[in-house]
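Convention: sequence-line order gives letters A, B, ...; per-chain numbering from 1.
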Number of protein chains: 2
Amino acid sequence: MSKQHAELMEQKGIKVSHQRLRILDYLEKNRVHPTADMILNDLKDEMPSLSKSTVYKTLNTFVEKGVLRELTIEENEIRYEYNLQDHGHFKCIECGKVFDFEYRFDVDDIKELKGFRIDDKNIYFKGLCRDCNSSKVM
Amino acid sequence: MSKQHAELMEQKGIKVSHQRLRILDYLEKNRVHPTADMILNDLKDEMPSLSKSTVYKTLNTFVEKGVLRELTIEENEIRYEYNLQDHGHFKCIECGKVFDFEYRFDVDDIKELKGFRIDDKNIYFKGLCRDCNSSKVM
DNA sequence: ATATGTGCAAACTGTTTGCAGCCGC
DNA sequence: GCGGCTGCAAACAGTTTGCACATAT
């Protein structure tokens with residue numbers, strides 16, 4: 001919903017613009033952890049003048065202001081997601097899809113990290129998703 | 001120890017060469033999860049003719065053959081480590097150091113991943129390490 | 001002699017930056 | 001009219017690639 005997103009931006013001190021709204025709407029709808037390039041390509045159909053630099057700058061702004069989260073799953077690309085809640089990711093090496101999962105991880109148990117301040121937790125697995133795994137077996 | 005590394009390479013079907021030995025020795029000694037660039041810079045003092053492409057090609061060979069592990073902590077660089085054992089990483093956003101830690105993570109508990117085949121687990125946190133954290137408090 | 005590892009430079013890719021022009025308040 | 005967002009093109013950085021030469025067996 002554009003209206004809620006406009007409010008969200010104002011709360012976070014981000015100037016509302018057409019491009020920014022569309023990018024945020026896109027990320028809310030397309031929860032596939034897209035890269036900047038995917039976002040650009042998809043939005044270009046409806047907004048032919050949209051530029052690469054606007055997409056990158058916008059995404060960086062959103063990440064800085066805590067509206068989006070950046071994911072490092074592959075080393076050569078940044079993926080973005082709307083879901084700010086703590087959760088893990090699973091990337092299927094066959095079909096390329098990225099799945100979310102919930103986890104419980106007791107950080108206090110880890111003796112090596114006593115006294116550390118943990119700001120950001122990142123957990124991702126790779127392998128075969130259910131569909132790709134079962135079609136492999138057959 | 002170069003000799004053990006030479007044997008290891010032979011076991012894994014990697015031809016032994018001077019450059020490859022030195023790079024592997026370096027990674028065994030310098031357990032700081034270096035990037036290709038750090039390795040190149042450090043080794044260039046003793047081996048001025050060593051080239052970027054040799055370092056990259058060698059590291060890729062080692063990763064393919066399972067001698068080294070690749071880490072994705074930052075999205076714009078690949079780090080390498082000699083330690084193949086399953087463990088987590090913590091990167092301090094202040095001093096930049098990367099710490100290892102052991103974890104227990106029961107994957108069978110995760111309902112979203114039932115039926116998935118998990119090949120690779122990757123866990124990394126960011127924040128302040130003990131030293132940087134305590135100097136912040138003061 | 002042959003196979004393959006090495007080193008140089010150029011190509012590639014995702015991301016960032018500088019700057020002129022445009023838009024909304 | 002002003003601030004700042006947008007879009008273009010160029011710059012950048014890490015990585016990969018093509019190719020000629022060097023090297024070891």
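Residues B:N122 and A:K126 have side chains not in contact (no heavy-atom distance under 4.5 Å, counting atoms from C-beta outward). Proximity of A:I123 to A:H89: side-chain heavy atoms (C-beta onward) are nowhere separated by under 4.5 Å.
Dashed line: the shortest gap from a side-chain N or O of B:S53 to OP1 or OP2 of C:dT6 is not under 4.0 Å. Phosphate proximity of D:dT16 to B:Y56: absent, as no side-chain N or O sits under 4.0 Å from OP1 or OP2. For B:Q19 and D:dT23, the shortest distance from a side-chain N or O to OP1 or OP2 is not below 4.0 Å. Listed pair B:S17 / C:dT6 meets the phosphate criterion, a side-chain N or O lying under 4.0 Å from OP1 or OP2. Regarding contacts with the backbone of C:dG7, a side-chain N or O of B:T54 is found under 4.0 angstrom from either OP1 or OP2. Remark: A:N60 is not in phosphate contact with C:dT15, judged by side-chain N or O atoms under 4.0 Å from OP1 or OP2.
Rounding to whole angstrom units, CD of residue B:E77 and C1' of C:dT15 are separated by 14 Å. Protein atom CE of B:M9 is 15 Å distant from nucleotide atom P of D:dA24, rounded to whole Å. Nucleotide C:dT15 holds its C1' atom 15 Å from the CE atom of A:M38, rounded to whole Å. For the pair A:E70 CD and C:dG14 C1', the interatomic distance rounds to 13 Å; values are reported in whole Å. Straight-line distance from the CD atom of B:E10 to the P atom of C:dT4: 15 Å, rounded to whole Å. B:M47 places its CE atom 13 Å from the P atom of D:dT23, with the value rounded to the nearest Å. As rounded to whole Å, 10 Å separates atom P of D:dC8 from atom CG of A:L40. For the pair A:K52 NZ and C:dT15 C1', the computed distance is 8 Å after rounding to whole Å.
When ring centroids are compared, B:F125 and B:Y103 stay outside the 6.0 Å threshold. Not less than 6.0 angstrom separates the ring centroid of A:H5 from the ring centroid of A:F62.
For A:K91 and B:D120, the salt-bridge test fails: no basic side-chain N is under 4.0 Å from an acidic carboxylate O.
No donor-acceptor contact under 3.5 Å links the side chain of A:K57 to the base of D:dG4.
Comparing B:K15 and B:S49 along DNA chain C, the residue whose closest nucleotide (by nearest heavy atom) sits nearer the 5' end is B:K15. Toward the 5′ end of DNA chain C lies the nearest nucleotide of B:V16, the other residue of the pair B:V16 and B:K44 mapping further downstream.
Proximity note for A:T58 (side chain, C-beta onward) versus D:dT6, C:dG5, D:dG14: the nearest is D:dT6.
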